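No experiment lies behind these values; they were computed from the predicted model shown. Index from 1, following the sequence.
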Amino acid sequence: MSYKIIGDSAMDLTQHMLEDKEHFGIVPIILQLGDKHYLDDENFDQKSFLKLISECHECPRTACPSPEEYCKAYECKADDVYVVCITEKLSGSYNAACIGKTVYEEKHGEDGKNIAIFNSLSGTAGMTSIGLFIEDLCKNGLPFDEIVRLTEKYIEKLQTFFVLGNLEFLRKNGRLSGTAALFATALNIKPILFAHEGEIKKFDTARGQNKALKKMCEAAVKRAIEANNGLKALKRAVIVHCNCLDRAQLVESELRALADFEEIVIADTRGVATLYAADGGVIVGI
């Protein structure tokens with residue numbers, strides 16, 4: 001059966017995913033800077049957008065795709081469609097995807113297409129990890145229902161950790177439940193955040209960026225090994241960075257020292273993650 005993996009644009013695509021347009025697609029989230037709106041689509045330019053953010057005096061915001069945009073995405077040639085959405089606790093994207101499925105089915109009837117929609121309980125690198133996991137299962141020829149079952153179990157075990165460039169936009173947009181404004185940035189205290197049941201929570205803090213990145217790697221790997229029944233042999237880690245490849249490569253080295261990864265992939269942030277992770281942010285999904 002042919003397949004396609006669709007994410008909203010909170011999923012940051014690897015180079016492989018970008019090139020494989022037959023099997024991967026994106027439904028763009030809208031980026032709002034003041035009174036101007038930008039589609040987080042294939043035309044997104046990270047460096048230009050970072051400049052626009054720095055020049056914007058209002059708090060940037062995002063708006064989820066419409067159900068109609070999702071319905072249009074489902075009208076592809078694939079028999080099986082797998083949709084990965086940013087956690088529904090931070091966006092209406094998952095709900096829009098579900099409504100879009102209903103609209104598609106009302107429009108096309110029983111055309112034989114299978115559509116599965118996943119609430120990632122995560123974002124950015126976590127969503128990328130889910131997309132690549134689904135691809136592995138599809139390539140192995142598993143049936144649709146089994147892929148859905150295994151993906152739901154994978155999401156439950158997924159670890160997504162963040163060390164962001166700054167917390168300003170997350171805080172202003174009310175995305176930091178339980179963390180408050182308690183970080184002494186003047187003292188170079190860096191927060192380590194993680195996705196917990198679909199919300200962004202504080203895990204710990206460290207003084208200095210490199211110490212924070214190391215502590216993030218240790219925490220993510222420790223939890224991933226626990227979820228893997230104590231085995232240090234792990235399939236994949238995804239590292240997503242915002243304009244800081246050197247930090248991403250440092251994180252890769254730290255991860256390889258902590259566990260036996262079959263693969264570690266690095267990707268750039270798209271618009272949503274660029275906005276919220278900020279210049280210099282790094283996210284890990286295992």
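Phe161 contributes atom CZ, which lies 10.5 Å from atom SG of Cys217 (distance to the nearest 0.5 angstrom). Rounded to the nearest 0.5 angstrom, Lys190 NZ and Arg207 CZ are separated by 12.0 Å. Going from atom OG1 of Thr87 over to atom CG of Asn119 covers 5.0 Å, rounded to the nearest 0.5 Å. Atom CG of Leu13 is separated from atom CZ of Phe24 by 8.0 Å, given to the nearest 0.5 angstrom. Thr274 OG1 to Ile53 CD1: the interatomic distance, rounded to the nearest 0.5 Å, is 6.5 Å. Put simply, CZ on Arg270 and CD1 on Ile26 are 5.0 Å apart, with the number rounded to the nearest 0.5 Å.
Partner Thr14 forms a side-chain contact (heavy atoms from CB on, under 4.5 Å) with one of Ile266, Thr128, Asp20 and no other, that one being Thr128.
Considering all non-hydrogen atoms of both residues, Leu150 and Leu142 come closest at CD1-CD2, 3.5 Å. Shortest non-hydrogen contact noted between Ser129 and Gly285 is OG-O, 3.3 Å. When all heavy atoms of Ala125 and Asp12 are compared, the pair lying nearest together is N-OD2, 4.3 Å. Nearest approach of Gln32 to Ala63, heavy atoms of both residues: NE2-CB, 3.4 Å. For the pair Gly92 and Cys64, the tightest heavy-atom approach, listed with the atom from each and the gap, is C-SG, 3.7 Å. Between Ile5 and Gly131, the shortest heavy-atom contact is CD1-O, 3.5 Å.
A heavy-atom distance below 4.5 Å is found between the side chains of His108 and Glu75. Here the side chains of Thr151 and Ile130 are in contact, with some heavy-atom distance below 4.5 Å. Contact annotation: the side chain of Val27 never approaches that of Val83 to less than 4.5 Å [non-hydrogen atoms, C-beta and beyond]. Counting only heavy atoms from C-beta outward, the side chains of His23 and Lys139 never approach each other to under 4.5 Å. At a threshold of 4.5 Å between non-hydrogen side-chain atoms, the residues Ser48 and Tyr38 do not count as touching. Taking the side chain as every heavy atom from C-beta outward, Ile147 and Tyr3 never approach each other to under 4.5 Å. Inter-residue side-chain proximity for Tyr276 and Leu164 is flagged as unmet; no heavy-atom pair is nearer than 4.5 Å. The shortest distance between side-chain heavy atoms of Ile283 and Thr160 falls below 4.5 Å.
Hydrophobic clustering, with ILVMFWY side chains joined whenever heavy atoms are under 4.5 angstrom apart, groups Val240 together with Leu18. Tracing side-chain contacts under 4.5 Å through hydrophobic residues (I, L, V, M, F, W, Y), one never reaches Ile155 starting from Ile117; they form parts of separate clusters. Follow the hydrophobic side-chain contacts under 4.5 Å out from Ile286 and you reach Ile264 in the same cluster. The same ILVMFWY cluster, assembled from side-chain heavy atoms under 4.5 Å apart, contains both Leu33 and Leu31. A chain of hydrophobic side-chain contacts below 4.5 Å, direct or via other Ile, Leu, Val, Met, Phe, Trp or Tyr residues, connects Leu255 to Leu245.
Remark: aromatic rings of Tyr82 and Phe144 are close, center separation under 6.0 Å.
Between Glu263 and Arg236 a salt bridge is recorded (basic side-chain N to carboxylate O distance below 4.0 Å). One finds a salt bridge joining Arg256 and Glu252 here, because a Lys/Arg side-chain nitrogen approaches an Asp/Glu carboxylate oxygen to under 4.0 Å. A salt bridge links Glu146 with Arg149; the closest basic N to acidic carboxylate O contact falls under 4.0 Å. A salt bridge does not link Lys222 to Glu218: none of the charged side-chain nitrogens sits closer than 4.0 Å to a carboxylate oxygen.
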*side chain to side chain contact (heavy atoms under 4.5 Å, CB included) between Tyr70 and Cys98: does it pass, once the steps are laid out?*
CA-CA 9 Å; Tyr70 274 109; Cys98 292; over 6 Å; no
*Which is it for Phe162 and Thr124 under the side chain to side chain contact (heavy atoms under 4.5 Å, CB included) test, yes or no, and what are the steps along the way?*
CA-CA 10 Å; Phe162 316 75; Thr124 181; 4.0 Å; yes
*Could you please spell out the steps behind the side chain to side chain contact (heavy atoms under 4.5 Å, CB included) verdict for Ile192 and Lys202?*
CA-CA 6 Å; Ile192 298 105; Lys202 180 175 79 75; over 6 Å; no
_Using side chain to side chain contact (heavy atoms under 4.5 Å, CB included), reason through His16 and Leu132 one step at a time and then give a plain yes or no._
CA-CA 10 Å; His16 154 66; Leu132 292 172; 4.3 Å; yes
*Show your working on side-chain hydrogen bond (donor to acceptor under 3.5 Å, both in side chains) between Tyr94 and Ser120 and close with a plain yes or no.*
CA-CA 9 Å; Tyr94 174 79; Ser120 70; over 6 Å; no
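Not a single donor-acceptor pair under 3.5 Å links the side chain of Asp40 to the backbone N or O of Ile29. The backbone N or O of Ile115 sits less than 3.5 Å from a side-chain atom of Lys101, completing a donor-acceptor pair. In this structure, the side chain of Lys113 engages the main chain of Cys76 through a donor-acceptor pair within 3.5 Å. When atom types are taken as modelled, the side chain of Lys214 and the backbone of Glu254 share no donor-acceptor pair closer than 3.5 angstrom. Without hydrogens or angle criteria, Asp279 side chain to Gly165 main chain gives no donor-acceptor distance under 3.5 Å. Side-chain atoms of Ser91 never come within 3.5 Å of backbone atoms of Ile86 as a donor-acceptor pair (strictly under, hydrogens ignored).
Classified by interplanar angle (parallel below 30°, tilted 30° to 60°, perpendicular above 60°), the ring pair Tyr104/Tyr74 is perpendicular.
Note that Arg223 lies outside the cation-pi zone of Phe203, set by a 6.0 Å cut-off to the ring centre and a 45° limit from the axis.
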